Each structure stands twice: as C-alpha cells, then as structure tokens.
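Let me begin by presenting the structure, written as structure tokens, before commenting on it.
Owing to the predicted nature of the structure, the values given are computational and were not obtained by experimental measurement. Quick note on labels: first sequence line is chain A, next is B, and so on, each numbered from 1.
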Number of protein chains: 2
Amino acid sequence: MVAEGGAAGRGAEREINTGVLLFIPYRALENRVFAALAEAGFDDFTPAQARVMQRIGPHGTRLTELAEQAQVTKQTAGFLVDQLEKAGYVKRVPDPTDRRARLVCGAEKAWAAKEVADAVVADVEAEWEAHLGKRRMTQLRQALTLLREITDPYAAPRG
Amino acid sequence: MVAEGGAAGRGAEREINTGVLLFIPYRALENRVFAALAEAGFDDFTPAQARVMQRIGPHGTRLTELAEQAQVTKQTAGFLVDQLEKAGYVKRVPDPTDRRARLVCGAEKAWAAKEVADAVVADVEAEWEAHLGKRRMTQLRQALTLLREITDPYAAPRG
DNA sequence: CAAATTAGTCAGAGACTCTGACCAATGTCA
DNA sequence: TGACATTGGTCAGAGTCTCTGACTAATTTG
C-alpha cells in the first residue's frame, strides 16, 4: 500500500499513495471536531457512534439504511444506536409506512452537538482555504465531489 | 452552512462536509485493495494490521514510531505487530543503535502483498484519473500534498 | 552515579464488529 | 387466498481493536 518500495525512505514523498493523502486530512479534521465536541461537553459518545449519528436525516433514518451508509452490519449499527439512545442523542420512533421498521431520529442533544461540530468544520475548512488558496480549495472540493460519483455507492443520483 | 439538515436527503449535496468528501474515496480505495489482497490469498491480516504494516520503512521501523504514525498507542501497535509476526508478515530484529529497541521489518510475504496492493492502487488511481481528467487528478494530488503540511504531524518537514 | 527519558511489555477492561440464528411484517404470484 | 421469498430488526456469542495503568530495561543528562 504505502511504503516506498524502491524509492528512498523518509524524504521521498514523490509517490505517496492517494489513499493516504486522502486519509491524513480526514483524520486531522475528525480529530479536531472530536476534541472540540469533548471540550463543549459532548464527551459521551465515540467516533464509531458519531459516524452513524452523522448519517441520520432530518426526518429520521432506518437502521438498515444507516448500516449501509456507514458500511457496517445492521447488528453493529443497532449496537451503536443503542448507545446513542442511552446517551440521549437519538430516539427510535415507529415508521408509519412499515410496521416492521423504526426510524432513528436525532434528539435535541444531537442537533446541539451538530452545531458545535459544524462550527469547527467551518473553522478547519477556512484554515485549509487559507493554506491552499481559494482557487485550489474550490478545485479540491470539486474534484472530491466528482470522485464521489464513482466511489460512493450511496451518492445521490445526479440530476 | 446552515444545518440545512438535508445532508442525508438525496438531493442536497450542496454542503457536504469536506471530511466526508475525503473519507468516501479513501474508504473505496481501501476496500478495493483489501478485496484484491484477499483474492490473491493475503486474507490473514486485518485492516488495522495493514495500517501499521503500511508504515514499515524499507530498513525497518521502531514500534514507537509506527504507533505515532498510525496514531495508536504503542500497546496497540505492539498488539498488531504481534499478529503480523505470527502471520509471517513482519519480523523484529534488534536495533543495532539502541539495545532497548527493536526494528519491525517487513518479511518476504509483506513485500509480495505490497506488490499486489500497489497494482490495485495504480488501477484505481487510473480509474479516478479517467473520471476526473488528468488535469484535475494532478490538481487533486497537489492540493492534498499541500494540505499534508498542516494536517500531518509526521510529514517530512524539510523540502 | 542519580535522575529523567525513552523503548517496549504485561494485564485488564471497554468498545467495535462480525457471523449465525431467529422473529415479524411485507411483497409476490399462482 | 395462501405458500414463499424478501426485508427490517433483534439476540447471542465470539474475535478484534484500543485504551489506561503499571512495570522493566536501556539510554541520556547533569
């Protein structure tokens, strides 16, 4: 994967795997958001839980759908939602259109946390833009959005 | 900004968090590499182990350094290296410069797996380039490399 | 040499994720 | 309508990942 087969060791950044290149800023952003949330008192959920919570739509989302989007099994998603429910971030309500299903909905606490998270993301994006320049930042987002078409099985169909 | 709440709804891709945008292709690439490795018979290690193995330099790397770069504790890194050692992917040799330390070195099996992985990464990058166009792909990598300067605590600082 | 630092291990616990088995509601189709 | 497959979800159990805390041993510092 990474490593630098024949190329020299530490200095040689010429051929860094694009995957790693993507992961590094992702991880940095996640860390920042997480730290800020903890500082704001939202320290009672975990990254795994957050990755599920993030995907809850404004009108609630089914467990199975959350599982697919987060790329975990429905059992895992169920486990994580249980924790989130106990911590007061989400609630489950019956799905009026299907008596088998329930909708996982965000609670007040979740929206409050989202507000904090959104603010940090905005900060970090601003820092990145300052470093890259406005043009390059826009290009970056455009390229990533385009890439999503062929890498995200759950991308909203364009058009 | 604005919580637009529609993040999960199908139409609203206007304000997708840059973090998610980074994560989607990263995950897609990782999945592809992992599937290809499994198909080639390298099915006896896990993603977590791979993330450590990936960071082993050509001349071996200390456990502590692996831990820092992979952003896990040294205990976790040690645990993962134990598994990799049992599976025959790495070996530990004494560090000639420090008798406390040992260097984690890749074994033949690791280089063989790396060859498979590199090939898949090249394939996927080619697909991405085909989708984005050569110019945009280059810009993407440039932007990410630049971003690394402020998001990767282990980036080679000098030029 | 004493003290502080650094490399690494051991032990224990919590968190994450999976497979397999299962139940209940829904959809399909003759 | 009634058998059958599908879909939404849970329960149980196991393996993996990760952390904190406490510890040993070698190195560095003064």
query = Base, sugar-phosphate alone, or nothing: which one does B:Asp95 contact when heavy atoms must sit under 4.0 Å apart?
reply = nothing
message = Are A:Trp128 and A:Met137 packed together at the side-chain level, in the sense that at least one heavy-atom pair is separated by less than 4.5 angstrom?
response = yes
request  = Take atom CZ of A:Arg102 and atom C1' of C:dC23, then tell me their distance rounded to the nearest Å.
outcome  = 14 Å
Check: B:Val72 main-chain N/O paired with B:Thr76 side-chain donor or acceptor under 3.5 Å = no
message = How many whole angstroms separate atom CZ of A:Phe79 from atom C1' of C:dC18?
response = 12 Å
query = Counting side-chain heavy atoms from CB outward, which of C:dA25, C:dT17, D:dA26 is closest to B:Arg99?
reply = D:dA26
request  = Whole angstrom is fine here: how far is it from CG in B:Leu66 over to C1' in C:dG8?
outcome  = 13 Å
query = The side chain of A:Thr46 lies closest to which of these nucleotides: C:dA7, D:dT18, C:dA15?
reply = C:dA15
ask   = C:dT6 P sits how many Å from B:Glu68 CD, rounded?
value = 10 Å
task = Evaluate salt bridge (charged side-chain N to carboxylate O under 4.0 Å, His left out) for B:Arg141 paired with B:Glu125, printing each intermediate quantity in order.
result = CA-CA 11 Å; B:Arg141 283 187 54 94; B:Glu125 289 185 350; 3.8 Å; yes
query = Can we call the ring centroids of B:Tyr26 and A:Tyr26 under 6.0 Å apart?
reply = no
ask   = On DNA chain D, nearest-nucleotide positions of B:Pro47 versus B:Lys74: which is more 5'?
value = B:Pro47
request  = Name the closest nucleotide to the A:Arg92 side chain, picking from D:dT10, D:dT18, C:dT9.
outcome  = D:dT10
ask   = Taking atom P of C:dA11 as reference, at what distance in whole Å does atom CG of B:Asp82 sit?
value = 12 Å
ask   = Under a 4.5 Å cut-off applied to non-hydrogen side-chain atoms, are B:Arg27 and A:Gln71 in contact?
value = yes
ask   = Hey, does B:Thr64 reach any base, or is it just sugar-phosphate, or nothing, if we go heavy atoms under 4.0 Å?
value = sugar-phosphate
note = From CZ of A:Arg62 across to P of D:dT6 the rounded distance in Å is 18 Å
message = Would B:Glu85 and B:Lys91 count as a salt bridge (charged side-chain N to carboxylate O under 4.0 Å, His left out) here? Give the steps.
response = CA-CA 6 Å; B:Glu85 197 169 23; B:Lys91 47 191 189 293; over 6 Å; no
note = A:Leu80 atom CG is separated from C:dA15 atom C1', nearest whole Å, by 9 Å
inquiry  = Just the rounded figure in Å: distance from P of D:dG15 to CG of B:Asp43.
reply    = 18 Å
inquiry  = Tell me whether the side-chain N/O atoms of A:Thr73 come closer than 4.0 Å to OP1 or OP2 in C:dT17.
reply    = no
inquiry  = Can you work out whether A:Gln83 or B:Leu103 has the more 5'-proximal nearest nucleotide on DNA chain C?
reply    = B:Leu103
key: Side-chain-base donor-acceptor pair under 3.5 Å for A:Arg100 and D:dT7   = yes
request  = Ignoring the backbone of B:Leu63, work out which of D:dG21, C:dC16, C:dG8 is nearest its side chain.
outcome  = C:dG8
base_contact_polar (D:dG21 base, B:Gln75 side chain, donor-acceptor, <3.5 Å) = yes
Nearest-nucleotide pick for A:Ala48, side chain only, options being D:dC17, C:dT17, C:dG8 = C:dT17
key: Candidate nucleotides C:dG8, C:dT26, D:dA26, ranked by approach to the side chain of B:Asp98 - the nearest   = D:dA26
From D:dG8, D:dT18, C:dT17, nucleotide with atom closest to A:Thr76 side chain = C:dT17
